[in-house]
Amino acid sequence: MIIVESSFGYKAYKAFFVRDSLRFNLRTGVLLFIALLSLGLSAYFFVREESQKALLFLLSAGAVPLIFLYGRGKQFLKTVRESGLREKSARIRYEINKDRILVINRTTGVQRTFKWAEAKRLLETKEYWIIYMENDTVMTFAKSDILEGEPGKLAEFYKNARAGSKKKKKSKGASLRIG
């Protein structure tokens, strides 16, 4: 079992959220592609002197990042409101074993349990562990906040859960033999 006692305030959460929003992934890649395609089409129609089409694609190129930022901002504000981060720092306890991650918000008293099978990604930086879950939940804590247990076990728990979920997916499919 790994025990983590972590604390973070509004400024730290905002800094993490901004960095995480700017991290290049499939979603940001698709949005960037759509925006660049729209800009390209706008330039194409501008050169052909079709100003209405050029303006339409130029507006859509500007709208794509705004929609992304609106969605991320809405998510940020919801998390801040629910956790009470504006008023005080959040004190979080993580109790992690091979089957699950128990998250206890000591500030609000709310507890949530996650299964490792729900984890999309585990990221280790120089100072932090970051766990991305399927439902857009992100758990982040400093390595120095680990009170008990072996930090290397996090990667082991994650890998074992991912290997187990891949086996389950393979066995769920039906096979059809033709001929």
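Arg162 contributes a side-chain N or O that, together with a main-chain N or O of Ala119, makes up a donor-acceptor pair within less than 3.5 Å. In this structure a side-chain-to-backbone donor-acceptor pair under 3.5 Å is missing from Ser42 to Ser38. Without hydrogens or angle criteria, Thr107 side chain to Ser89 main chain gives a donor-acceptor distance under 3.5 Å.
Heavy-atom contacts from other residues, nucleotides or ligands closer than 6.0 Å to OH of Tyr158 number more than 12. The environment of Lys120 atom NZ is dense: over 12 non-hydrogen atoms of other residues, nucleotides or ligands sit within 6.0 angstrom. Annotation for Phe76: atom CZ counts as buried by contact number, over 12 foreign heavy atoms lying within 6.0 Å.
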One pair to check against side chain to side chain contact (heavy atoms under 4.5 Å, CB included): Asp99 and Trp116. What are the steps and the verdict? CA-CA 6 Å; Asp99 299 315; Trp116 272 106; 5.8 Å; no

Salt bridge (Lys or Arg N to Asp or Glu O under 4.0 Å) evaluation trace for Glu156 with Lys159: CA-CA 5 Å; Glu156 183 182 318; Lys159 286 177 187 171; over 6 Å; no

List the steps and the verdict of side chain to side chain contact (heavy atoms under 4.5 Å, CB included) for Leu39 and Leu58. CA-CA 6 Å; Leu39 276 174; Leu58 186 61; 3.8 Å; yes

Take Ile130 and Leu122, measure what side chain to side chain contact (heavy atoms under 4.5 Å, CB included) needs, and give me the verdict at the end. CA-CA 6 Å; Ile130 305 168; Leu122 176 68; over 6 Å; no

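Nearest heavy-atom pair, Val64 versus Leu31, reported as atom, atom and distance to 0.1 Å: CG1-O, 3.5 Å. The heavy-atom pair separating Arg121 from Leu123 by the smallest distance is NH2-CD1, 3.9 Å. Nearest heavy-atom pair across Phe157 and Lys98 is CD2-CA, 3.4 Å. Counting all heavy atoms, side chain and backbone alike, Met133 lies closest to Lys115 at CE-O, 3.6 Å. Scanning all heavy atoms of the two residues, the minimum distance from Ile2 to Leu154 falls at CD1-CG, 3.8 Å.
Hydrophobic clustering of Ile, Leu, Val, Met, Phe, Trp and Tyr side chains at less than 4.5 Å, counting indirect connections, unites Ile96 with Phe114. At a threshold of 4.5 Å between side-chain heavy atoms, the hydrophobic network of Ile, Leu, Val, Met, Phe, Trp and Tyr places Val30 and Leu69 in one connected group.
Rounding to the nearest 0.5 Å places CD1 of Ile104 at 13.5 Å from CZ of Arg112. To the nearest 0.5 Å, atoms OH (Tyr132) and OG1 (Thr137) are separated by 12.5 Å. Note that the OG atom of Ser60 and the CG atom of Leu66 stand 11.5 Å from one another [nearest 0.5 Å]. In this structure, OH on Tyr44 lies 11.0 Å from CZ on Phe57, to the nearest 0.5 angstrom.
The closest side-chain heavy-atom distance from Tyr94 to Leu102 is not below 4.5 Å.
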Atom pairs and distances, donor-acceptor, side-chain atoms in residues 138-152, under 3.5 Å, two or more places apart:
from, atom 1, to, atom 2, distance (Å)
Lys143, NZ, Glu124, OE2, 2.7
Lys143, NZ, Thr125, O, 2.9
Asp145, OD2, Ser6, OG, 3.1

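Remark: Glu134 pairs with no residue by the salt bridge (charged side-chain N to carboxylate O under 4.0 Å, His left out) rule, at least two apart or across chains.
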